[in-house]
Amino acid sequence: MTHSALSGEAEGARDRVRDLLAAHDPRTTDRLEFLRARFDAGLAWVHYPVGLGGLAAPRELQRVVDAELEEAGAPDNDPRRIGIGLGMAAPTVLTYGTDEQKNRFLRPLWTGEEVWCQLFSEPGAGSDLAALGTRAVRDGDDWIVTGQKVWTSSAHAARWAILLARTDPELPKHQGITYFVCDMTAPGVEVRPLRQITGEAEFNEVFLTDVRIPDAHRLGEVGEGWKVARTTLMNERVAIGGAAIPREGGMIGIVASTWRQRPELRTPELHARLVELWARAEALRLTGMRLGQQLAAGGPGPEGSGMKLAFAKLAQDISGFEVELMAEEGLRYDDWTLRRPDIVDFTGRGPGYRYLRAKGNSIEGGTSEILRNIIAERVLGLPTEPRSDSGPWKDLPR
Amino acid sequence: MTHSALSGEAEGARDRVRDLLAAHDPRTTDRLEFLRARFDAGLAWVHYPVGLGGLAAPRELQRVVDAELEEAGAPDNDPRRIGIGLGMAAPTVLTYGTDEQKNRFLRPLWTGEEVWCQLFSEPGAGSDLAALGTRAVRDGDDWIVTGQKVWTSSAHAARWAILLARTDPELPKHQGITYFVCDMTAPGVEVRPLRQITGEAEFNEVFLTDVRIPDAHRLGEVGEGWKVARTTLMNERVAIGGAAIPREGGMIGIVASTWRQRPELRTPELHARLVELWARAEALRLTGMRLGQQLAAGGPGPEGSGMKLAFAKLAQDISGFEVELMAEEGLRYDDWTLRRPDIVDFTGRGPGYRYLRAKGNSIEGGTSEILRNIIAERVLGLPTEPRSDSGPWKDLPR
Amino acid sequence: MNLLYTEIEEDLRSSVRAVLTDHCPPSAVIASLESAAPYDASLWELLASLGALGLHVPEEHGGQGASLRETAVVLEELGRSTAPVPFLGSAVLATTALLACESDLVASLASGTTVGALAVPLTTAPGSPFPATVSEEDGLLTGRVTSVVDAGAASLLVVPVSGPALYAVRADSPGVTVTEVVSLDMTRRIADVSLASTPGVVIASGDRAVAAVESALLVGAGLLASEQVGIAEACLEQTVRYVKERHQFGRAIGSFQAIKHRLADLWLELVCARATARHAAETLATGSDNPDIAVALAQSECAELAVRAAEEAVQLHGGIGMTWEHPAHLSLKRAKVGQLALGTPGEHRRTLGRLVHLPMDIPSMGQT
Amino acid sequence: MNLLYTEIEEDLRSSVRAVLTDHCPPSAVIASLESAAPYDASLWELLASLGALGLHVPEEHGGQGASLRETAVVLEELGRSTAPVPFLGSAVLATTALLACESDLVASLASGTTVGALAVPLTTAPGSPFPATVSEEDGLLTGRVTSVVDAGAASLLVVPVSGPALYAVRADSPGVTVTEVVSLDMTRRIADVSLASTPGVVIASGDRAVAAVESALLVGAGLLASEQVGIAEACLEQTVRYVKERHQFGRAIGSFQAIKHRLADLWLELVCARATARHAAETLATGSDNPDIAVALAQSECAELAVRAAEEAVQLHGGIGMTWEHPAHLSLKRAKVGQLALGTPGEHRRTLGRLVHLPMDIPSMGQT
């Protein structure tokens, strides 16, 4: 992709934006109507195919389009609310879906009319996701699905779910899995809030009892669910720290402010620990910046695998320190009420909340133990453990 | 063993000590002559059989005998110099030796006329001792032994060695090992000093090239060497910390003195670290005291497995701290000359020596990694790793 | 110096554990977290009936005539179960203060008919200046004390008053306001106490009042170490059990060496911490060593250990350990608050440095 | 701000590494440990012929006109190989001091014909008071400086003198005594320097002399971080290679999860430390950020990392890592001495706290 090629494409996209804005004045057009028109104009995700919200254009062009539309005061599709749909379901539907599936699902997904969630993890299959046991049994043109899923964000708001289920327990664990789209309004789907140690319920448990899924809602071939899921999961890993954050951005800034404003809390031991944490936070910030430069330079950036691991440890150490620093205030909590937050907000609440919530950082989205395995094997090239799980799924100890 | 029974035995032993002293006045008798007479009187190790230096009496009685003899100014057998013989070779010879072997070896072993060493570890068999590859091949009434041993204390002073060699490579590793007594003066035995990172050579490498060992010097049956070695190794583990040591005994005392005498070295960070180390040292001292009380009360004392692990880490942390504390003096070393010390002396030399020598604490006599495995499996009951070494020894990857 | 558990102590432990196992399962504790009642009254009565509330109170004062060693064993068990009972506030802090004053009021605490609380912030460390935020005028007390442990359950408040003096105040006296705080550890709640022209009874004054408060704080900190050993022990046991049962990748996760080594290290730290906690209890009970050193040491080691053990428990339980229904968070919150209670480990280490003559005065201090 | 390595830097690294691989294998370094010659003169000439000794010296002063970024890359490689050359003393400390004074003497250091040393104790941290243990009278210098790095190899001494001033002194001048010390790191030796009525040449005085010494210390500390990254990188690589090859219990020991996790953690620390070392080099070279902060940060992180990496290397090599013949101890000794050199991590963190406005003044200081 040369610079001049992108310039030509950019001109074309700007024309389309102008046309869209001319036909649908954001100030007077209904939000949803505008978003639908934007999708139909191919300006939703420009790298998607024409007819599916895109222009088959280079991905970088999206920034140009977004900037133009933002400047014109156009509404966006609230991407934080529909992150699982945008980040995980859409690329999978695009890669593995039939034409019918793509036409049915992508437009309301992008506009946010239909929220998506992800039914992958199970109580018995966390780090070892491929060991999942939710069963799907063929019944005519349908599949009948029974099982329990867990750690599901947005399940209570979702219309659709991407779902992994086991269609053949006789095969080794990676081979007997099939990938489905599950209607969250179907009979037999029950969503229960899953309360965490913070008192909140960010996530849900989802119980599936004889849920009928038409075979037309299968994504990819029967038994190829693990391959399909890899597309989904590759899109999950967010480049934490890729963006440049300012010095003292994040939790360390909160603690540093407290330190500066509250001399009565200071002791030499706490000072030594605070400066050490400050140094680690700043080192991690620079590491993120360096990683960003590596990625921009087209480098392999294996450092990315470590950022989440380091971030989790740092967040836990800083928040643990903060509770100690606060002394008497550290004995208190802001609110134990069962809430259902849409997003995680580390800065808006008290030290006790930060301390407890940060414990999840080393578990959700890949435990620190799994990340260390990945670094050891994929980055350092150390040998794998002897395998104990290559036989048929049904015979695995659990 | 009731108290009154021991009292009766003690009276008898005191009589024997009196007889020994009467016949061999320590002030006028040659040291070796006295030690031989003491052995022959059954006062060497009273729990050994009559005729082999003992009285078949309870082990506790030894304390009474030793005290009486020490009071009379009798010479001892310098147990630190012949520790391997006393602690490892003797119990093994006693348990597995023929009458001829017991009569031949035990007396000069105990008197120190013949020093013993141990030929167990090999460059390729450290933590995994049972993987050893030194070969012993039968040749008439002899065995011909070839291989390399390492980490051998006292090899340069030793007359005899306890030796593990592989007599059948076709069997799984624990089954093809045989236990021998090796004459260190035999042709084909070459001892080379093994220099360490401290500059000293405490240990040796021993090269065995077609060394002839008569079958009469085999201990235990052919192929039962591992079982015999377990007797040896069970006697190796010294109850570190079992004895009551005073507060600030050991390395922490050296650092604490420096701190008190050298205010110019102090910083708040170093202070926090020093007090933390002091607390850990004191906690470990109390743990050793508690362990001693448990053992005295006949308790199982699994805490013993952890003492060496904790001691190694503490010694390394204190000595690393000490070098930092010493600042400019920490840049210097006392002496890089190749020396051959008889014993390890942590307190007699400088901080640099302590720092380097302490690195060995977590390796020698069972690495900290192996000790953690032992604690995890034997104390906590966690499952073992899947085994990769159950096939014939000759097929093991190495 | 006996650092082991005696047979009598082991018997006591069995009795207390049996009661807690039956009447204080994790599900009950979790259900209690959001209840308005700050503690479990029926469990308190059961503990009283075992004599567990007055173990170190002499028989002539209505107690069992045992020692702080036995009380420490009860705290280990309460730590294991994170039982929501006002033991620390009543049976340790208030009882020790009253004992030091030789007050008759101690008998009703020892029998469990009265719950007491010592009106100091829970973060107060031994060796702190006498905490006198309450003043007296014409025999009436006025002032405010924040973050008083177990005050919400107490009918008797033992109140340090400037002077110095120590007063006994009935919680239902005129002018008393006890405001429950939303506590990080809801199994051990704190409350803010206000007195406005409240009548009280002097139980000690002058040096004796100061010594009584110091004694309570020192004993409290020293015995809290035993509770922390109990928390850590329970976390380790639960985690070991879980990693033996939980299979991933076709193996019990407890067969993975990284997990084994972490748990081995944790076990070793527990072994060492237990020795310091026993040493503190023994020393407080018998005076066989310097109790100030013993308590500072035990708190340095045990407070950190409990937090580490609880954090490892949450992590090694994976997702399930992050849920409200699983008891791991009870230990985590109890341990984290314990780190702040009666002096942080950092404060105790600073005290320790002073007591063992490792001074901190630094010539170059001025330049930083 | 560029935190990556440029292509030119990678080319430079390759050239330097090729020379070191050929001329400075571990066996040669170990053989040199007990030799009287404190450094490898032929290796020094090879480095000079690559232009590696005057990279950040402007061309008009006889250097390469590159920057401290490139010099940092050379230090990474020297750290990897623990090469016994007086690079830190001559090409970093003395060169930087002479450059700051715009002294012509820098040209002979840049070309390698002269080896220089800055006469300050190696433990001197940036920000320290001007180190003036030498005084001047009638143009002659007298005094003693201990623990001067690379002084035994130097023919030119750059000497801070009370006044303040900075003098150039030929090592063969009358009254100069350089006494080699038995160093913990025999690949980077120190010596005590005595001057007795020794003639010298003033190269700076007053604020300029102070600034020159401070500049040398700051650059030295900042670039030492790159050497420490090199040490850690080599230790990690060697250890990874060893645990892949070494079999025990029928498996490569690198397949055991506890070892894998420790090495993964070490790798991650190396990744983070490298970012701080690059940041320090970039900042010193371009002034794109506060260099005092950047250096204090890099030293806080990299000095500890190198020690940890070397200690892990010794441990995970087992017995063989404890032997004189194995190079692990070269890294261990270089790393441990590096922790003391130009400020300990603790001193750098204290500086960092001051620079980023995290003050340490404590109200309750008096009571401890």
Side-chain angles (χ1 to χ4, degrees), chain A residues 244 247-248 252 255-256 259-260 263-280 282-294 296-297 299 302-307 309-310 313-314 368-369 371-386, chain D residues 1-4 236-237 239-241 243-244 250-257 259-276 278-279 289 293-294 296-302 304 345-346 348-354 356-365 368:
Chain A
R247 188 168 277 170
E248 292 197 9
I252 192 68
V255 183
W259 184 270
R260 291 179 189 122
E264 79 279 9
L265 298 176
R266 297 175 196 159
T267 74
E269 193 215 22
L270 291 171
H271 183 259
R273 286 167 61 194
L274 173 62
V275 177
E276 204 166 326
L277 290 168
W278 194 97
R280 277 174 56 198
E282 175 67 0
L284 195 56
R285 187 182 76 86
L286 293 170
T287 307
M289 194 186 293
R290 184 161 193 274
L291 173 65
Q293 294 177 358
Q294 266 176 316
E303 277 81 352
S305 330
M307 287 299 291
L309 180 56
K313 181 87 173 68
L314 179 66
S368 291
E369 288 73 25
L371 292 176
R372 287 191 194 97
N373 285 348
I374 290 175
I375 292 169
E377 291 172 15
R378 299 199 201 150
V379 181
L380 301 179
L382 292 172
T384 56
E385 297 270 325
Chain D
M1 182 181 314
N2 181 6
L3 301 177
L4 305 179
L236 178 62
E237 280 178 20
T239 307
V240 165
R241 202 177 313 125
V243 301
K244 283 182 193 174
R251 292 165 59 176
I253 61 172
S255 74
F256 285 103
Q257 201 193 37
I259 291 179
K260 289 163 79 164
H261 281 199
R262 278 159 66 171
L263 291 174
D265 282 337
L266 188 57
W267 172 84
L268 183 53
E269 287 170 46
L270 173 60
V271 165
C272 293
R274 188 189 300 280
T276 67
R278 280 275 87 188
H279 178 244
D289 200 341
I293 291 178
L297 174 69
Q299 271 296 305
S300 300
E301 302 303 291
C302 300
E304 307 278 31
H348 285 288
R349 277 195 289 265
R350 196 144 49 117
T351 300
L352 186 62
R354 194 173 61 237
V356 303
H357 312 296
L358 296 171
M360 203 184 65
D361 55 292
I362 301 125
S364 60
M365 203 63 198
T368 58

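The analysis underlying the following values was restricted to heavy atoms, covering all of them including side chains, and did not include hydrogens, waters or symmetry mates. Chain identifiers are assigned alphabetically (A, B, ...) following the order of the sequence lines, protein sequences preceding nucleic acid strands; residue numbering begins at 1 within each chain. Bear in mind that the values here come from a model prediction, so they are computed numbers and not experimental data.
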| request: Check whether D:Q257 gets within reach of chain A through its side chain, its backbone, both or neither, counting any heavy atom under 4.5 Å. | output: both
| field | Choice from D:C272, D:A273, D:A298 maximising heavy atom contacts with chain A below 4.5 Å | value | D:C272
| Hey, what do you get for OG1 (A:T287) to CZ (A:R285), rounding to the nearest 0.5 Å? | 10.0 Å
| Between D:L263 and D:L236, which heavy-atom pair has the shortest distance, and what is it? | CD2-CD1, 3.9 Å
| task | Can you tell which part of A:R247 gets under 4.5 Å to a heavy atom of chain D, answering side chain, backbone, both or neither? | result | side chain
| Atom group of D:V243 that falls short of 4.5 Å from chain A, counting heavy atoms | side chain
| task | Select one option (side chain, backbone, both, neither) describing which atoms of D:H357 are under 4.5 Å from chain A's heavy atoms. | result | both
| said: As a quick check of understanding, evaluate side-chain contact (heavy atoms from CB on, under 4.5 Å) for A:H271 and A:W259, giving each step before the final call. | reply: CA-CA 9 Å; A:H271 183 259; A:W259 184 270; 3.6 Å; yes
| task | Only counting residues at least two apart or in another chain, list the ones meeting side chain to side chain donor-acceptor pair (under 3.5 Å) with D:R251. | result | B:E385, D:S255
| For A:E377 and D:K260, what are the C-alpha separation, side-chain angles and deciding distance, and is it a side-chain contact (heavy atoms from CB on, under 4.5 Å)? | CA-CA 8 Å; A:E377 291 172 15; D:K260 289 163 79 164; 2.5 Å; yes
